[in-house]
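Remember, predicted model here, so these are calculated numbers, not experimental data.
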Amino acid sequence: MLKEKKAEIVSNLADDLSRSSIIIATNYQGLLAKQMADLRNALTKAGIGYHVVKNSLVYRAADQASRPHLKDIVEGPVALAFGYDDAINTAKALHQYIKSTGLALQIKGGLLEDRVLLPEELTSLANLPSREVLISRLLGQLQAPVVTLHNILSSPLRGLLTVLQNKAQTASK
């Protein structure tokens, strides 16, 4: 490979590394070309970049992008999935695709900002509920004490209302 071509690949890779919120390293050995193309297409539709790269180029790009921890998870034949927006959605999309297709693709680890994630942590991340569900649960939890307080404070008034209605009914008879 020419030096100019390598420099261009490293530059593009460093750009992807600096823009991504999560990077997931996978072992792609044993996949057929068609399976790899299907995987790339599915991940691209989800807004995830997926590239097979040489480790030496990844190391150079990691240094350029100030992501030295990436070197800890890049070992052997590796393909990198780049999530640019929501880290949970990236982990979910990759995990669900592997699960639904039964591919022999193995997750080697990940990098969330500057934190190295083990494969088990990425699986846990993929099993988290979506952001919207978590926000709605939080709002429900925040609303529960207010509803309880409202019920406690309005209970005596409801009791008084019941007594007055009963008194009015007995007086009208």
State, to 0.1 Å, how close [X] and [Y] come at their nearest heavy-atom pair, and which atoms those are.
X: A14; Y: Q64; answer: CB-OE1, 3.4 Å
X: A91; Y: L122; answer: CB-O, 4.1 Å
X: E121; Y: L117; answer: OE1-CA, 3.2 Å
X: A81; Y: L94; answer: CB-CD2, 4.4 Å
X: S18; Y: A65; answer: N-CB, 4.1 Å
X: I107; Y: I24; answer: CG2-CG2, 3.8 Å

Between [X] and [Y], is there a donor-acceptor pair closer than 3.5 Å when you use the side chain of the first and the backbone of the second?
X: S155; Y: I152; answer: no
X: S20; Y: G83; answer: no
X: S66; Y: A62; answer: no
X: N127; Y: T123; answer: yes
X: K92; Y: L128; answer: yes

Q: Please name the residue in the list L164, T162, T170 that meets the side-chain contact (heavy atoms from CB on, under 4.5 Å) test with N166.
A: T162
Q | Given L17, V74, L80, V116, the one that forms side-chain contact (heavy atoms from CB on, under 4.5 Å) with L111 | A | V116
**Q.** Student check: side-chain heavy atoms of R158 and V163 closer than 4.5 Å
**A.** no
(Q) With a 4.5 Å cut-off on side-chain heavy atoms, are V78 and N27 touching? (A) no
Q. Above 12 or not: heavy atoms from other molecules or residues under 6.0 Å from CZ of R137?
A. no
Q) Should we say atom CG of D85 is surrounded by more than 12 heavy atoms from elsewhere, each under 6.0 Å from it? A) no
Would you compute the distance between atom [atom1] of [X] and atom [atom2] of [Y] and round it to the nearest 0.5 angstrom?
X: I22; Y: L125; atom1: CD1; atom2: CG; answer: 5.5 Å
X: N12; Y: E8; atom1: CG; atom2: CD; answer: 5.5 Å
X: S11; Y: D16; atom1: OG; atom2: CG; answer: 10.0 Å
X: L2; Y: E4; atom1: CG; atom2: CD; answer: 5.5 Å
X: L103; Y: M36; atom1: CG; atom2: CE; answer: 10.0 Å
X: R60; Y: L13; atom1: CZ; atom2: CG; answer: 11.0 Å

Q) Could you give all pairs that pass the ring pair (Phe, Tyr, Trp, His ring centres under 6.0 Å) test and reach residues 55-97, with sequence neighbours left out? A) H51-F82
Q) Is K71 salt-bridged to D63, going by a charged N under 4.0 Å from an acidic O? A) yes
Mind checking whether [X] and [Y] sit in one hydrophobic cluster, side chains of I, L, V, M, F, W, Y counted as touching below 4.5 Å?
X: I98; Y: Y50; answer: yes
X: Y28; Y: L43; answer: yes
X: V53; Y: L39; answer: no
X: V52; Y: L105; answer: yes

Q: Apply side chain to side chain contact (heavy atoms under 4.5 Å, CB included) to the pair Q143 and V147, showing each step before the final yes or no.
A: CA-CA 6 Å; Q143 190 178 21; V147 170; 4.0 Å; yes
